[in-house]
Amino acid sequence: MITIENLSKRYGDNTVVDDVSMQIEKNSITVIVGTSGSGKSTLLRMINRLVEPSAGRVLLEGRDTRSEPAHLLRRRIGYAIQGHGLFPHRTVAENIATVPRLLGWAPERVKARVEELLHVFQLDPAKYSAAFPHELSGGQQQRVGVARALAAEPQVLLMDEPFGALDPIIRAKAQEDLLDIQRRFGTTVVLVTHDMDEAFHLGDRVAVMSGGRLLQYDEPAQLLTHPADPFVSRMTGLGDRALRLLSLTSAAAVALPGAAPGPKLQASASLREALSEMLWSGSQSCEVIGIEGGAPAHLTVDAILEHARPG
Amino acid sequence: MTSGAINPPAERAWPRLDRLGTLLVAAGAAALAGLPFVVVKANRLVPGEPRALTEVLPPTGSAACLAPLVVLSLVALFVARPRLRLAAALAALVGLSVTLALAADALTPPHNRVVRIAAGGGFWVVLVCLGLLATDAITRLRPGPGRRVLFLAGALTFVVAALASGFFDHLSVMREYQVNAERFGRELRQHVLLALGSLLAAVVAGAPLGVLCHRIPRIREGILGTLNVIQTVPAIALFGILMAPLGALAAAWPLLERIGVRGIGAAPAAVALFLYSLLPIVANTVLGLKRVSRAAVEAARGMGMMPRQVLWRIELPLALPVILTGIRVVLVQNIGMVTVAALIGGGGLGTFVFQGIGQTAIDLVLLGAIPIVVLAFCAAVLLDALVEVMDRVKQ
Ligand SMILES: Nc1ncnc2c1ncn2[C@@H]1O[C@H](COP(=O)(O)OP(=O)(O)O)[C@@H](O)[C@H]1O
Ligand SMILES: [Mg+2]
């Protein structure tokens with residue numbers, strides 16, 4: 001758990017982060033979202049002390065982060081950034097081994113961990129261990145960047161616009177990978193983005209920042225149904241907020257018992273996708289498949305519309 | 001006009017003439033026809049008597065020696081394959097040198113150690129033309145850094161072995177060498193020592209200064225500006241400026257004088273070379289560090305490297321090719337500039353150059369000047385190869 005208490009950062013007269021307090025739950029993904037220059041990166045970098053706060057403090061598992069030297073703190077916290085920041089003169093394996101080596105792991109343990117991570121990130125060790133970063137595609141470089149951040153099994157992973165430089169298809173894949181990996185390792189992820197779709201897709205909770213202040217810190221649905229500030233509604237988008245809300249609920253969560261005519265839909269699909277399918281096929285209902293237990297289930301347009309409103 | 005008919009390109013009766021080849025062959029032929037091939041002097045100081053190529057050798061001998069030149073001319077004009085061009089140029093170089101040596105032998109009266117046979121303008125022009133053709137062929141072959149160094153080492157070994165064999169001993173420059181052999185070794189060593197020593201000192205002092213300039217932008221302008229001003233001071237003036245303080249130092253502390261710190265001699269030369277060397281080293285260190293990917297440095301810090309580790313493991317290795325480029329500039333520049341150090345008693349090959357100028361003994365000038373050019377060329381080739389290797393690994 002990360003506790004941020006009254007954290008501020010000032011550069012001269014310019015207050016870049018203004019009295020921010022928030023609790024970040026263990027094993028969750030928290031997304032910090034806001035316009036460019038709103039202080040997201042600065043807030044994130046104060047967690048691993050790349051930026052020293054002007055006021056306030058950060059607790060990691062209840063311990064003040066200033067109770068140990070900054071470089072030792074950072075070795076316990078994963079850090080991945082936009083444009084991956086891989087070391088161009090080191091191989092993929094050496095890049096991934098950076099923090100384990102700093103921590104003085106035995107060479108066999110480092111090697112085993114590097115191979116494990118390459119497998120997790122779908123990079124064939126035989127092919128990629130000895131490759132240099134410039135020999136990889138953009139998506140592969142980004143995966144190596146995240147693998148490197150996770151190498152020393154950190155409890156916390158900080159990510160600053162990690163997918164910002166990727167094209168849409170590779171970005172979607174990278175997002176799914178991140179969700180998988182977060183589930184697999186149970187890492188606490190704090191991710192900065194200016195992309196609201198990314199925030200809604202990845203975030204268990206989303207923090208909206210503007211002008212250095214934390215406007216609202218809540219579950220995605222709450223941001224839509226109970227925005228704390230007109231700026232939050234503008235950020236989340238007024239035009240398609242009903243559809244956004246539908247995209248936050250899975251078909252499995254609200255499926256009705258019994259079979260029904262209409263297109264077939266996976267249980268993991270969102271209500272937004274379900275509605276889209278029904279509109280496309282001109283059907284009033286659809287069949288939900290893959291429910292746990294295998295019982296027949298279905299959804300109707302009316303049932304879906306129930307969930308497209310606040311309250 | 002009928003449409004759709006395409007004229008085939010006219011068949012060439014002759015292969016296309018090589019442009020550079022045409023130029024160099026024309027220049028070489030004109031030089032051999034119009035300029036003396038050798039100069040015969042009654043002794044080392046008097047002006048000589050020019051002799052054309054046709055005058056110096058019996059017809060059969062000169063024909064045999066010049067055959068490679070004729071072959072080369074044809075190759076240079078009509079053959080595009082760089083391997084062949086290189087081989088022809090090298091063979092012609094050997095032929096030309098042998099011709100010169102034979103001419104020297106033929107023109108030297110038996111047991112006469114006073115007459116001097118020197119290479120004339122015609123020889124030098126052809127030598128340069130052949131050198132250019134060979135260099136051009138090597139460039140077209142695009143050899144890797146390792147091959148270039150090997151080739152240089154091979155060529156150097158060959159030349160040194162040829163000179164040591166005694167085959168060229170009747171040439172005036174070699175005569176001059178025989179007289180000065182012992183001093184030549186000493187001055188050559190001194191030359192290299194001064195050039196490398198001041199470079200080493202400049203790297204030891206300049207690289208940290210560059211790191212400092214990179215870290216503290218406030219001092220960057222001041223330091224680079226000062227070093228820039230030093231670069232604009234002419235070498236002789238800098239030697240002069242350094243004489244006074246170094247002389248005063250030596251006078252105040254006799255111990256310093258005992259270890260060689262004096263107003264004249266090697267000390268001011270070394271200090272001046274060091275000062276000249278600083279700017280390229282510092283500036284390239286700053287530039288190299290500035291070009292290091294900011295994301296890589298940010299990631300290194302974010303993963304818990306200490307500033308020292310970021311510098312040694314990330315920033316300096318990535319800046320190294322640019323720093324090496326600076327070192328190359330300094331080394332080549334120093335090898336040239338050490339020459340001037342001879343004027344204030346610093347030693348080095350410049351000693352021969354200035355003595356030769358003083359005595360109007362052109363052979364002595366060449367004895368100093370040719371090795372200086374060769375040294376600078378070797379330094380450039382070696383360091384270029386090193387930069388390329390580094391760049392390949394880092395990129
Ligand atoms: N080292 C610094 N010195 C001065 N101003 C800074 C510094 N770092 C960031 N800022 C300013 O702080 C503001 C917020 O920056 P940042 O946290 O990077 O925003 P975001 O990541 O939301 O785009 C920006 O206006 C930026 O110019
Ligand atoms: Mg940012």
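Naming: A, B, ... by sequence-line order, numbering from 1 per chain.
- Listed in order of number, the residues of residues 274-286 of chain B that approach chain A to under 4.5 Å between heavy atoms amount to none.
- A:Lys111 NZ: 12 or fewer foreign heavy atoms inside a 6.0 Å radius.
- Residue A:His194 qualifies as open at atom NE2: its count of foreign heavy atoms under 6.0 Å is 12 or below.
- Along residues 143-162 of chain A, the residues that come nearer than 4.5 angstrom to chain B, judged on non-hydrogen atoms, are A:Arg148 in order of number.
- More than 12 heavy atoms of other residues, nucleotides or ligands lie within 6.0 Å of CZ in B:Arg215, so this atom counts as buried by the packing criterion.
- Of the two parts of A:Arg76, neither the backbone nor the side chain holds a non-hydrogen atom closer than 4.5 Å to a non-hydrogen atom of chain B.
- Residues of residues 30-51 of chain A that come within less than 4.5 angstrom of chain B, heavy atom to heavy atom, are A:Arg45, A:Asn48, A:Leu50 in numerical order.
- Counting heavy atoms from C-beta on, the side chains of A:Leu102 and B:Gln309 come closer than 4.5 Å.
- Among residues 292-308 of chain B, the residues having any heavy atom closer than 4.5 Å to a heavy atom of chain A are, in sequence order, B:Ala295, B:Ala296, B:Glu298, B:Ala299, B:Ala300, B:Arg301, B:Gly302, B:Met303, B:Gly304, B:Met305, B:Met306.
- At most 12 heavy atoms of other shown residues, nucleotides or ligands fall within 6.0 angstrom of atom CZ in B:Arg83.
- The environment of A:Ile169 atom CD1 is sparse: at most 12 non-hydrogen atoms of other residues, nucleotides or ligands sit within 6.0 angstrom.
- Counted within 6.0 Å of CD on A:Glu52, heavy atoms from surrounding residues, nucleotides or ligands total more than 12; the atom is thus considered enclosed.
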